[in-house]
Amino acid sequence: MSEEKVTPSNFIRTIIDEHNANGRFGGKVQLRFPPEPNGYLHIGHAKSICLNFGLAADYNGACNLRFDDTNPVKEENEYVEAIKRDIRWLGFDWGEREFYASDYFETLYAYAVKLIKKGLAYVDDLSAEEIRAYRGTLKEPGKNSPYRDRSVEENLDLFERMRKGEFADGEKVLRAKIDMSAPNINMRDPVMYRILHAHHHRTGNTWCIYPMYDWAHGQSDSIEGITHSLCTLEFEDHRPLYDWFLDQLEIHKPQQIEFARLNLTYTLMSKRKLLKLVKEGIVNGWDDPRMPTIAGMRRRGVSPAALRNFSESVGVAKSNSVVDVAQFEFAIRDDLNKTAARAMAVLNPVKLIIENYPEGKTEWLEADNNPEDPSAGKRTIPFGRELFIEATDFMIDPPKKYFRLAPGKEVRLKHAYYVTCSRYETNEAGDVTVIYATYDPATRGGWSDDGRKVKGTLHWLDVRHARDAEVRLYDHLFTTPAPDEARDDEAFYAIINKDSLRVLKDVKVETVLAESAPGTRFQFLRHGYFCADSEDHSPEHPVFNRTVSLKDTWAKKKKK
Ligand code: ATP
Ligand code: MG
């Protein structure tokens, strides 16, 4: 991505460098990103995508996109399409290298036959529960199945009949014949195939036996000529099995390397639980801006660059840890600060009338679009006698050190003039309905050359030009920093933040905001970064999502 940046090394690079030096893979680097199409990609997947595609690019290698579609019950084409859209949006391209584990079903079947012939796999009639009971525990060895010593001929015959559909779901499985007393439970005759009379989103009804993850994964890696198979730490104990299958089959053997998965505070990354949020309508779909999915973050206004930069900033580790979500927000702000155009929006409007300003007059004042980026240019904004300001920027009886507007106080209106509050009106309930002020014509542009200081700067909009809009403010979906610790449904529902979405319907915005294309990102002065909603926004009904507020807690924490 970034040509001039030097990527810091990490333990995975060290391993690849060693292999390149000793010629294990002939200098080749072939990686893959292997999502299961059973849900939308989330920020943890984004980390894995950036890692795999990033390493492939750095080593002049390639990265395959492989759908790990071995469980027809949970997988759907909608997910395949969403995954492809999200990877492209993140900025990565797999070219022609789009593969599906289901494309290898025939080869995997042949490999299984090979293991049966070598006496290394057998058909078992035990039920799922019995298999679990026979497996033993970490302290106790497992027991051999009574079907373990079937002859090669019988196994070949039964396996073929499994494939032909002669047996019901769960009636038989194919297992590897390894060692029921192995200290590593993964090596206690793991199941390779189960019977599932289910429709597959690609192979239709061709198959009624489906490979288990451990059986499909390594062999798929091998078939694709993968050199380094990066996976998360939970698979460390599966590596002996990964290696065993490849060694027994005597086929190309990639190196599995485990790294720590990305965990974020206040963020769930279990696809099962994310699916639950969607299915039960706790959020409005996979792309709800509160979701940690790539689609949700995109809709919220996070840029691909922010995600990539964040992914790089967390690095790769060998032990699990939890990253503060504030670090992610820092990356979002850091990017949007450079790229998002500034504009004014009044979220909670109250009228401000400039008593000494001529009625009917409009002045067009100059405003820079982005002080961080002069090339973003300037725009003009209309100023007049009647303005909207934030109701929260006025207090009748302010405390000391209140720098916003109050009776008798002077503030700067951004890009416009200094104004001094002269009086205000309230309704019967005591709410302020109109504020009156006078302006100083000598302060045009918001500057005074007589040296007098005003501390407060307010944003504002001309009443005649302001456009109505809706704004959606988001908070964490969960009230606790470790939502994955909820053990059951009751605990899960209890930690859902009921106030994670607040909709403001009476918002006033600049014309540039109302007229912006869906998906455009802005900084609303003093309010944070916002994005025109990709689904609901139109000039007639402008809708903005707050991506992130301006407040930066993480950088402050870091300085301490
Ligand atoms: P499930 O929750 O269904 O087991 P998963 O999160 O492991 O799913 P996959 O679709 O199997 O999802 O993951 C695709 C790839 O993304 C895998 O290589 C996996 O290691 C990686 N990945 C998933 N979650 C994370 C995470 N939190 N951090 C880093 N990598 C991740
Ligand atoms: Mg998985």
Side-chain angles (χ1 to χ4, degrees), residues 10 12 30-56 63-76 78-84 86-87 90 92 94 98-102 201 211-218 220-221 224 226 228-239 242 254-278 286 291-295 297 307-308 310-323 325 327-328 482-484:
N10 59 48
I12 298 179
Q30 174 66 60
L31 305 175
R32 87 285 175 267
F33 173 66
E36 181 178 356
N38 62 350
Y40 278 55
L41 298 180
H42 55 57
I43 187 166
H45 296 117
K47 162 84 219 172
S48 176
I49 293 165
C50 291
L51 179 63
N52 281 290
F53 281 91
L55 282 171
C63 184
N64 295 351
L65 170 59
R66 181 196 322 136
F67 288 98
D68 187 9
D69 56 347
T70 52
N71 184 358
V73 184
K74 290 192 177 158
E75 294 158 7
E76 285 171 32
E78 178 203 339
Y79 297 138
V80 170
E81 294 308 317
I83 287 169
K84 292 201 273 185
D86 290 347
I87 300 173
L90 252 191
F92 299 102
W94 57 94
E98 178 175 325
F99 304 110
Y100 293 81
S102 57
H201 68 109
M212 302 299 287
Y213 174 87
D214 280 323
W215 169 240
H217 199 82
S220 299
D221 282 347
E224 289 176 16
I226 300 299
H228 302 85
S229 177
L230 313 186
C231 61
T232 45
L233 284 182
E234 319 84 85
F235 292 97
E236 193 170 7
D237 290 346
H238 295 240
R239 185 166 12 106
Y242 184 99
Q255 176 68 52
Q256 176 178 307
I257 304 170
E258 307 87 17
F259 67 98
R261 67 169 44 237
L262 172 68
N263 297 303
L264 273 185
T265 57
Y266 293 99
T267 310
L268 262 192
M269 291 200 213
S270 146
K271 278 196 268 185
R272 189 178 57 79
K273 288 185 183 165
L274 294 177
L275 179 65
K276 188 175 166 72
L277 292 171
V278 172
W286 284 101
M291 289 284 273
T293 51
I294 295 179
M297 293 186 288
L307 264 168
R308 292 193 302 259
F310 169 67
S311 169
E312 193 159 306
S313 80
V314 298
V316 281
K318 273 194 214 180
S319 63
N320 279 318
S321 65
V322 183
V323 174
V325 72
Q327 186 178 341
F328 179 44
D484 45 336

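Counting starts at 1 for both ligands and their atoms, in listed order.
- A donor-acceptor contact closer than 3.5 angstrom is absent between the side chains of Gln255 and Tyr242.
- Those atoms of ligand 1 with a heavy atom of Pro34 less than 4.0 angstrom away are 14 (C), 18 (O).
- Taking the six-membered ring where the residue is Trp, the centroids of Tyr266 and Phe328 are separated by 6.0 Å or more.
- Each of the atoms 3 (O) of ligand 1 lies under 4.0 Å from some heavy atom of Asn38.
- Taking each of Glu258, Arg272, His45 in turn, the one with a heavy atom nearest to atom 22 (N) of ligand 1 proves to be His45.
- Remark: Glu224 does not engage Arg32 in a salt bridge, criterion side-chain N to carboxylate O under 4.0 Å.
- Compare Cys231, Ala46, Gly44 by their heavy atoms: the one nearest to atom 29 (C) of ligand 1 is in Gly44.
- The part of Met269 lying near ligand 1 is the side chain, judged by heavy-atom distances below 4.0 Å.
- Legend: residues meeting ring-ring contact (aromatic ring centres under 6.0 Å, His included) with Phe33, ordered by chain and number and at least two apart, are absent.
- Close approach to Glu36 involves these atoms of ligand 1, each under 4.0 Å from a residue heavy atom: 9 (P), 10 (O).
- Remark: ligand 1 and Ala260 share no N or O pair separated by less than 3.5 Å (distance only, no angle test).
- Looking at ligand 1, you'll find an N or O of Lys271 within less than 3.5 Å of one of its N or O atoms.
- The distance from ligand 1 to the heavy atoms of Ser48 drops below 4.0 Å at these ligand atoms: 16 (O), 21 (C), 30 (N).
- Ligand 1 has Phe33 within reach: a non-hydrogen atom of the residue lies less than 4.0 Å from it.
- Of the charged side-chain nitrogens involved, at least one lies within less than 4.0 Å of a carboxylate oxygen, so that Glu98 and Lys84 count as a salt-bridged pair.
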Checking Ile226 against Arg66 for the side chain to side chain contact (heavy atoms under 4.5 Å, CB included) test, could you report, in this order, the C-alpha distance in whole Å, the side-chain angles of both residues, the deciding distance, and whether it holds? CA-CA 11 Å; Ile226 300 299; Arg66 181 196 322 136; 3.8 Å; yes
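- Of the possible polar contacts, none joining the Arg308 side chain to the Cys50 backbone as a donor-acceptor pair under 3.5 Å is found.
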